[in-house]
Amino acid sequence: MIDKIIELAVEEDFGLGDITTDNIFSETDTAKADFIAKDEMVVCGGNIAKAVFNYVDPSIKFKMLKKEGEYVKKGTKLAEVSGPALTLLKGERPALNFMQRMSGIATMAYNLNKIAKKYKVMLVDTRKSLPGMRKFDKYAVRTGGAKNHRMSLSDSVMIKDNHIAACGSITKAVNLIKSKIGHTPKIEVEVKNLKEVAEALKAGADIIMLDNMPIAEILKAKELINGKAVIEVSGGVNKDNLEDYCKTGVDVISMGALTHSIPAKDISMLVSEIKK
């Protein structure tokens with residue numbers, strides 16, 4: 001999957017060649033360049049950038065100078081890359097695109113997880129990732145210190161509003177699931193009010209997701225559940241109100257904002273030497 005994503009990114013950028021680079025450099029020209037952080041950030045995706053250059057030209061040498069998950073200041077040299085100028089410059093943009101997005105996600109996860117950790121709340125992502133990029137997005141979340149929710153629909157049971165509507169009730173949905181699967185998977189149920197909390201609890205849900213509930217109602221739900229199920233909060237949580245939700249003492253907070261609209265961090269590849 002990772003190789004396929006890299007192949008698509010490279011094909012998209014210069015599938016028919018690089019009309020500029022191909023007419024400026026010859027096959028014997030070589031270049032050296034540095035990856036420079038233009039923002040403060042948590043470094044992420046250096047391994048993917050290396051894989052991009054390796055795909056473009058295995059003779060290119062890419063050396064990371066900072067570790068995955070390391071917090072760096074603006075102006076920090078992140079990596080050194082050298083090799084044939086023709087191929088090194090062709091790999092620049094796909095490599096940077098991956099690393100900039102992944103570093104943006106890792107930095108957001110790092111900053112938000114610092115808040116969640118103070119209250120011993122587990123911060124997790126959702127499936128709201130860029131299509132085709134989920135493995136990279138979720139890896140970046142882990143690199144930043146937060147954790148992953150489901151990678152795909154096959155990972156665990158989550159009974160949501162449309163499942164409940166199709167079955168007629170939470171109880172019927174849970175009972176149907178229990179009749180079809182083994183005893184090992186946990187069952188998570190999404191609820192929207194205290195009545196549904198009580199029904200999910202009675203039906204034997206292992207995890208109860210409080211969806212878009214105001215904080216006052218979350219506190220009542222927590223009292224009702226009373227340790228009988230894991231409590232997850234989701235919906236409407238952002239960097240500005242995360243601490244307020246953490247103060248409720250729930251077990252897990254899932255945030256689509258960890259991946260769905262993260263600004264990329266600014267990284268530049270600056271050529272330091274050309275030999276013609």
Side-chain angles (χ1 to χ4, degrees), residues 1-6 8-10 12-13 35-53 62 64-76 78-79 91-118 121-153 155 232-243 245-246 252-269:
M1 175 66 77
I2 290 172
D3 291 343
K4 184 183 292 187
I5 293 169
I6 290 172
L8 288 171
V10 170
E12 177 182 62
D13 205 43
F35 273 40
I36 306 294
K38 306 299 285 292
D39 293 317
E40 286 192 9
M41 67 181 71
V42 172
V43 178
C44 186
N47 48 356
I48 304 301
K50 182 177 182 177
V52 169
F53 284 114
F62 183 86
M64 280 299 296
L65 303 178
K66 297 298 175 182
K67 297 178 181 178
E68 292 283 289
E70 187 172 347
Y71 199 99
V72 301
K73 294 182 178 180
K74 179 179 179 180
T76 300
L78 305 177
E92 173 186 359
R93 179 45 52 196
L96 285 174
N97 282 349
F98 285 123
M99 198 168 174
Q100 287 175 317
R101 175 176 172 82
M102 293 172 74
S103 294
I105 292 172
T107 304
M108 179 65 79
Y110 173 82
N111 289 330
L112 295 182
N113 194 52
K114 282 196 300 184
I115 297 171
K117 279 169 61 177
K118 286 195 304 182
V121 173
M122 183 185 295
L123 182 66
V124 304
D125 55 27
T126 71
R127 286 168 37 248
K128 293 179 181 178
S129 55
L130 189 66
M133 282 286 290
R134 183 171 296 163
K135 286 185 183 292
F136 293 176
D137 286 358
K138 284 182 173 282
Y139 166 75
V141 167
R142 296 195 306 274
T143 300
K147 290 184 168 57
N148 297 148
H149 208 297
R150 297 186 294 175
M151 181 68 73
S152 70
L153 294 172
D155 284 346
E232 178 181 339
V233 164
S234 189
V237 185
N238 55 56
K239 61 184 179 65
D240 296 321
N241 62 22
L242 173 62
E243 187 157 17
Y245 283 99
C246 288
V252 181
I253 293 178
S254 53
M255 288 183 64
L258 281 174
T259 55
H260 69 51
S261 54
I262 298 297
K265 288 297 179 181
D266 192 3
I267 302 172
S268 292
M269 190 183 91

task = Check the pair L112 / K239 against side-chain contact (heavy atoms from CB on, under 4.5 Å), numbers first and verdict last.
result = CA-CA 7 Å; L112 295 182; K239 61 184 179 65; 3.6 Å; yes
message = Nearest 0.5 angstrom please: N241 CG to C246 SG, how far?
response = 9.5 Å
message = Determine whether a donor-acceptor pair (N or O, by modelled atom type, separation under 3.5 Å) exists between the side chain of D137 and the backbone of S129.
response = no
remark   = Distance col, row D125:CG vs M108:CE, nearest 0.5 angstrom, shows 13.5 Å
inquiry  = Surrounding CE of M133 (heavy atoms of other residues, nucleotides or ligands, distance under 6.0 Å), is the total greater than 12?
reply    = yes
task = List in chain and number order the residues that pass salt bridge (charged side-chain N to carboxylate O under 4.0 Å, His left out) with K265, two or more places apart in sequence or in another chain; answer none if no residue qualifies.
result = none
Test log, rule side-chain contact (heavy atoms from CB on, under 4.5 Å), inputs L78 and M99 = CA-CA 11 Å; L78 305 177; M99 198 168 174; 4.1 Å; yes
ask   = Is any side-chain heavy atom of L123 less than 4.5 Å from a side-chain heavy atom of L258?
value = yes
key: Derivation and outcome, salt bridge (charged side-chain N to carboxylate O under 4.0 Å, His left out), residues K74 and D266   = CA-CA 9 Å; K74 179 179 179 180; D266 192 3; over 6 Å; no
key: Qualifying residues under side chain to side chain donor-acceptor pair (under 3.5 Å), relative to N97, sequence neighbours excluded   = R93
task = Begin with the C-alpha distance, continue with both residues' side-chain angles, and end with the deciding distance and a verdict on side-chain contact (heavy atoms from CB on, under 4.5 Å) for Y245 and M255.
result = CA-CA 12 Å; Y245 283 99; M255 288 183 64; over 6 Å; no
request  = Would you check if I105 and C44 make a side-chain contact, meaning some heavy-atom pair closer than 4.5 Å?
outcome  = no
ask   = Would you call F98 and I6 a side-chain contact if the rule is heavy atoms closer than 4.5 Å?
value = yes
ask   = Tell me, do L96 and F35 make a side-chain contact under 4.5 Å, heavy atoms counted?
value = yes
query = Would you say D13's side chain and A9's backbone share a donor-acceptor pair under 3.5 angstrom?
reply = no
Sub-4.5 Å side-chain heavy-atom contact between I5 and K135 = no
inquiry  = Testing the basics here: between T126 and H149, what is the closest heavy-atom pair and its distance to 0.1 Å?
reply    = CA-CB, 4.5 Å
